[in-house]
Amino acid sequence: ETAVVVNKFRGCLVGSLLGDCLGAPFENESKVAKVVLQRYFDKMEDPNFKSPQKQYTDDTAMTKSVAESLIQHGAFNEKDMARRFTTEYFQSPRRGYGQAVVGVFRKWRDTKMEDVWRPAREQFDGEGSAGNGAAMRISPVGLFCYKDRQLLVQTAADCSKLTHTHRLGVHGAILQALAIQQCVLHGPKESIDVKSFSASLIEKMSEVEPQEEDELCDMGDEPQSYQLQLNSLQKLLNKNEANPEVVVEALGNTVLALYSVPAAIYCFLRAQRPIDFIKTDNVFRRVIQFAISLGGDTDTIASMAGALAGAHLGLDAINPSIMKHCEAHEIADSLACDLSDVTLNP
Ligand code: 8NA
Ligand code: MG
Ligand code: MG
Ligand code: MG
């Protein structure tokens, strides 16, 4: 029982790292060639293939800080987490951070964190960031709070609001954390009932998103909510859809949380079954390869999908040759072990 959960924690953080490292070279490509991607993964799986390690980006840099802070304090501590984000950014600024979020790090540094919440509230003329930067780093929260949904929702919201205060940025992180929780609570390696998995997320998001928020939003003409996106996700599942263009048309592939978190969850769920253009029996590989095939924000979508696949399947399901091609895979694994320790023995 405990061993299974520890294996899931390790799979989750290593899975998140792998999606980031392997997806980053394709970031912003509008269309990723299926043959190129198949060959890329075939090479990574070959134990004799040698190449420089793929570097992780902002997704992993921030995930590490979240995990380290939870391990250190055994609870969410806003100032400590903000300090870790800031230190990490100024030590290693060239990891491909979002354009606006670095403004938060600078304000924290310049004001000595006088009010740790204020810089995020000032983003985008007071509207707050709706980017996927809160969701992309949330898996340690989903793991740490997996036994308590109320604590999970609250902690995911708090962790998000350090940098992202737009409701779509915050709710995207909550959705991803809830999905991580469902993966951890699900029996090991049992096949997932993808319809009840998504139905359960819709149910939980209806408690998170107040009804009047289904209204028009200033970023588009259409009603925007995660419940609506998850309804589209269910329609795709019913059609067993695997065409990347159709998935992107329905769910998106951008840096906005609304157009990337449901897409990542879809990749995880659909890739539980075979996909014709992905030749592998390894479900973990199929999930991240499918996620990268969407193009756009490939590192982040693959990282979120990889975190879910790892939390479902456990570390055992990840090919060690692929792991070795990714920077800091030992660090991700050791953080997962420490995080499982503080979570299971509080
Ligand atoms: P962020 O808060 O700077 O937001 C990212 C982007 O989202 C912004 O630059 C805006 O274009 C857009 N955005 C967010 N909120 C609003 C709003 N209220 N109104 C209008 N536009 C908005 O950073 P973040 O931490 O959310 O970003 C995470 C993403 O950036 C990840 O994909 C990460 O890997 C990185 N990244 C992405 C790309 C890419 O284009 N795929 C490139 C480099 C870095
Ligand atoms: Mg990135
Ligand atoms: Mg708005
Ligand atoms: Mg990205």
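Both ligands and their constituent atoms are indexed starting at 1 by order of listing.
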Between Thr163 and Arg137, do the side chains contain an N or O donor and an N or O acceptor separated by less than 3.5 Å? yes

Check whether any side-chain heavy atom of Ser65 sits under 4.5 Å from a side-chain heavy atom of Glu88, and report yes or no. yes

Which segment of Thr254 sits under 4.0 Å of ligand 1 when only heavy atoms are counted: neither

Taking 4.0 Å as the limit for heavy-atom contacts, which would you say applies to His164 with ligand 1: side chain only, backbone only, both, or neither? side chain

With Arg285, the side chain to side chain contact (heavy atoms under 4.5 Å, CB included) member among Leu22, Asp42, Leu18: Asp42

Under 4.0 Å from a heavy atom of Gly96: which atoms of ligand 1 are those, numbered in the order shown and with their elements? 33 (C), 35 (C), 36 (N), 43 (C), 44 (C)

N, O or S from Asp299 under 2.8 Å to the Mg ion (ligand 4): yes

Side-chain donor-acceptor pair under 3.5 Å between Gln227 and Ser206, yes or no? no

If you look at Glu27, which of its N/O/S atoms is nearest to the Mg ion (ligand 4)? OE2

Which ligand 1 atoms, with their elements, are less than 4.0 angstrom from a heavy-atom of Thr300? 31 (C), 32 (O), 33 (C), 34 (O)

Counting only nitrogen or oxygen atoms and a 3.5 angstrom limit, does Glu27 reach ligand 1? yes

Minimum side-chain heavy-atom gap Leu344-Thr2 below 4.5 Å: yes

If you measure every N or O of Met136 against every N or O of ligand 1, does any of those distances drop under 3.5 Å? no

Show your working on side-chain contact (heavy atoms from CB on, under 4.5 Å) between Phe144 and Leu152 and close with a plain yes or no. CA-CA 8 Å; Phe144 181 72; Leu152 177 143; over 6 Å; no

Are side-chain heavy atoms of Leu143 and Leu13 found at a separation under 4.5 Å? yes

Are the charged groups of Glu122 and Lys107 less than 4.0 angstrom apart, N to O? yes

Taking the side chain as every heavy atom from C-beta outward, state whether Asp297 and Thr254 have any pair of such atoms under 4.5 Å apart. no

Pick whichever of Ser260, Ala24, Ser129 has a heavy atom sitting closest to atom 1 (P) of ligand 1. Ser129

Phe105 and Phe85 aromatic ring geometry - parallel, tilted or perpendicular at 30°/60° bounds: tilted

Could you tell me whether the Mg ion (ligand 2) has an N, O or S atom of Asp297 under 2.8 Å away? no

CD/Glu1: more than 12 non-hydrogen atoms of other groups inside 6.0 Å: no

Asn282 and Asn319 side chains, donor-acceptor separation under 3.5 Å: no

Regarding ligand 1, does Val255 bring an N or O atom to under 3.5 Å of one of the ligand's N or O atoms? no

Interfacing atoms of ligand 1 (cut-off 4.0 Å, heavy-atom, Gln99): 3 (O), 9 (O)

If you measure every N or O of Glu127 against every N or O of ligand 1, does any of those distances drop under 3.5 Å? yes

Return the name of the atom in Asp59, of element N, O or S, nearest to the Mg ion (ligand 2). OD1

Atom indices of ligand 1, in the order listed, that fall short of 4.0 Å to a heavy atom of Gly98: 3 (O), 23 (O), 27 (O), 30 (O), 35 (C)

Just wondering, do Trp108 and Leu162 contact through their side chains at under 4.5 Å, heavy atoms? yes

Verify whether one side chain among Tyr266 and Gln229 offers a donor that lies under 3.5 Å from an acceptor in the other. no

What are the atoms of ligand 1, with element, lying closer than 4.0 Å to any heavy atom of Asp299? 34 (O)

Proximity to ligand 1 by part of Leu256, non-hydrogen separation under 4.0 Å: side chain

Check whether any N or O atom of Phe124, backbone or side chain, sits under 3.5 Å from an N or O atom of ligand 1, and answer yes or no. no

Tell me, please, if Met136 has any N/O/S atom, main chain or side chain, under 2.8 Å from the Mg ion (ligand 2)? no

Please check whether Asn28 reaches ligand 1 - meaning an N/O of the residue sits under 3.5 Å from an N/O of the ligand, judged on distance alone. yes

Heavy-atom proximity to atom 25 (O) of ligand 1 ranks first, among Gly133, Ala135, Ser160, for Gly133

Under 3.5 Å, is there a donor-acceptor pair between the Asp59 and Thr300 side chains? yes

Do any of the N/O/S atoms of Asp58, backbone or side chain, fall under 2.8 Å from the Mg ion (ligand 2)? yes

Which of the atoms of ligand 1 are close to Ala100, meaning less than 4.0 Å from one of its heavy atoms? 3 (O)

So, is Gly128 polar-close to ligand 1, with some N/O to N/O distance under 3.5 Å? yes

Taking N or O atoms only and a 3.5 Å limit, does Ala130 qualify as a polar contact for ligand 1? yes

